Amino acid sequence: MKVIPIRSALAAAPVDPAALPPPGSPLADRRGREVHDLRISVTDRCNFRCVYCMPREVFDKDYPFLPRMDLLSFEEILRVARLFVARGVRKIRITGGEPLLRKNIERLIEMLAPLGAELTLTTNGVLLPRLAQKLKDAGLNRVTVSLDALDDALFRRMNDADYPVSQVLEGIAAAAEAGLGPIKVNMVVKRGTNDVDIEAMARRFRGSGHILRFIEFMDVGSSNGWKMDEVLPSSEVVARIHRHFPLEPVDPNYSGEVAERWRYVDGGGEIGVISSVTQAFCSTCTRIRLSTEGKLYTCLFAQAGHDLRSLLRAEADDIRLDAAIASVWQGREDRYSEIRTAHTAAARKIEMSYIGG
Ligand code: SAM
């Protein structure tokens with residue numbers, strides 16, 4: 001039987017393709033989870049310096065962002081994405097850093113669209129007025145826009161790059177106009193920083209057709225000074241909104257949906273809460289991440305990835321690449337959020353801006 005050696009992080013355990021499910025069949029990891037979602041980071045750079053993600057003191061002018069030649073090319077991304085779709089991925093999310101900073105991003109969308117997976121993108125929104133229509137025309141299905149406050153001074157403090165709220169709202173409007181809705185608007189809630197704006201955000205997006213989602217502040221990366229005290233549990237977010245606008249729970253759209261859904265009793269639409277800290281959802285996690293430089297990560301809180309770029313650049317054929325991908329997913333057993341402690345939270349982890357949100 002021929003054993004194919006795979007370089008770098010995968011080299012320690014050479015992959016025997018005969019021991020893997022045949023190419024094209026779905027993959028399950030050691031906890032029985034199948035891979036359904038691929039998140040692709042297309043840049044580690046961002047025009048924002050959100051205090052909880054890319055604090056300016058760390059991500060300053062001397063920060064060693066990846067050189068261009070280290071980034072996967074669009075062709076390399078397409079190859080990996082195609083193999084993942086054959087292995088059961090149904091949804092692809094483009095992220096970063098700020099994905100709209102990647103030159104000709106609409107070209108990547110155009111290349112990925114024919115794969116047939118649902119194609120989405122997460123952005124801070126400021127470049128959407130320029131790009132929304134091009135992205136839609138290229139085949140993008142939906143966008144998620146991050147917006148952490150409605151109060152302009154507070155928002156500028158949070159993004160720490162002096163971007164006004166109005167610019168993000170214009171981005172959301174442009175995306176809606178281009179047909180990239182329903183738009184999900186993500187607000188990361190930091191207790192004592194922007195939780196004062198929860199009710200205002202709810203009021204602003206009620207009845208808009210957009211879905212506002214509240215994300216618990218997570219201990220991703222190692223530079224955001226995460227403290228448990230600054231996590232506002234989603235249950236409290238729901239209770240606060242419910243006092244003004246009564247809410248009732250809604251069933252998930254599909255098993256493994258990350259956001260817990262709630263709808264306004266009066267028909268004003270729905271909100272979602274993502275509670276990675278207080279209600280871990282590792283047992284139903286179907287996500288894998290491809291970093292900007294071509295490493296695979298099976299967990300947002302991972303400390304190390306599996307290098308695919310060296311295989312891609314060594315001109316490995318699809319069988320070999322597929323075997324590498326399959327062995328990474330099949331070897332997966334992480335469940336970080338279920339076992340989080342003060343000790344794990346302090347461990348050195350991959351930055352969100354690099355791995356992709
Ligand atoms: N630049 C894009 C954006 O702003 O959406 C995409 C990348 S950003 C890393 C993706 C998402 O991760 C954003 O919604 C951001 O707010 C969220 N995020 C970053 N750091 C986080 C943290 N520590 N806890 C929770 N969410 C975080």
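Residue numbers start at 1 and run along the sequence shown. Treat the numbers as computed from the prediction; the structure is a model and nothing was measured. Just so you know, ligand 1 is whichever comes first in the structure, and atom 1 is the first atom listed for that ligand.
In this structure, V89 and H36 have side chains that are not in contact, with every pair of non-hydrogen atoms separated by 4.5 Å or more. Residues I109 and L119 are in side-chain contact: their nearest non-hydrogen atoms beyond the backbone lie under 4.5 Å apart.
The single protein non-hydrogen atom nearest to atom 27 (C) of ligand 1 is M352 CE, 3.5 Å, given as residue, atom name and distance. Atom 10 (C) of ligand 1 has its closest protein heavy atom at G357 CA, 3.7 Å. Distance from atom 8 (S) of ligand 1 to its nearest protein heavy atom, with residue and atom name: G96 O, 4.4 Å. Looking from atom 26 (N) of ligand 1 to the surrounding protein, the closest heavy atom is V188 CG2, 3.3 Å. Remark: minimum distance from atom 23 (N) of ligand 1 to any protein heavy atom is reached at M218 O, 3.0 Å. The shortest contact between atom 3 (C) of ligand 1 and any protein heavy atom is with S146 OG, 3.3 Å.
Considering both main-chain and side-chain atoms, V220 never comes within under 3.5 Å of ligand 1 through any nitrogen or oxygen pair. In terms of polar-atom proximity, defined here as any N/O pair under 3.5 Å, Y52 does make such a contact with ligand 1. Residue N224 places at least one N or O, backbone or side chain, under 3.5 Å from an N or O of ligand 1.
Of the inter-residue distances, the one linking D162 atom CG with Q167 atom CD reads 10.0 Å to the nearest 0.5 angstrom.
Distances shorter than 4.0 angstrom occur between a heavy atom of G97 and an atom of ligand 1. Ligand 1 has E216 within reach: a non-hydrogen atom of the residue lies less than 4.0 Å from it. Heavy-atom distances between S353 and ligand 1 stay at or above 4.0 Å for every pair.
K190 forms a cation-pi arrangement with F217, by the criterion of a distance under 6.0 Å to the ring centre and an angle within 45° of the ring axis. Annotation: cation-pi geometry not satisfied between R107 and F74 (NZ/CZ under 6.0 angstrom from ring centroid, within 45° of ring axis).
When only modelled atom types and interatomic distance are considered, Y354 and S291 share a side-chain donor-acceptor pair under 3.5 Å. No side-chain N or O of R33 forms a donor-acceptor pair with one of S283 less than 3.5 Å apart. Remark: the Y163 side chain and the N124 side chain contain no N/O donor-acceptor pair separated by less than 3.5 Å. In this model, no donor atom of one side chain and acceptor atom of the other lie less than 3.5 Å apart for T292 and T43.
The local environment of NZ in K134 is sparse, with at most 12 non-hydrogen atoms from other residues, nucleotides or ligands closer than 6.0 Å.
Annotation for ligand 1: atoms under 4.0 Å from non-hydrogen atoms of C53 are 9 (C), 19 (C), 20 (N). The atoms of ligand 1 that sit less than 4.0 Å from any heavy atom of T123 are 2 (C), 3 (C), 4 (O), 5 (O).
With a 4.0 Å heavy-atom cut-off, ligand 1 is reached by the side chain of T95 but not by its N, CA, C or O.
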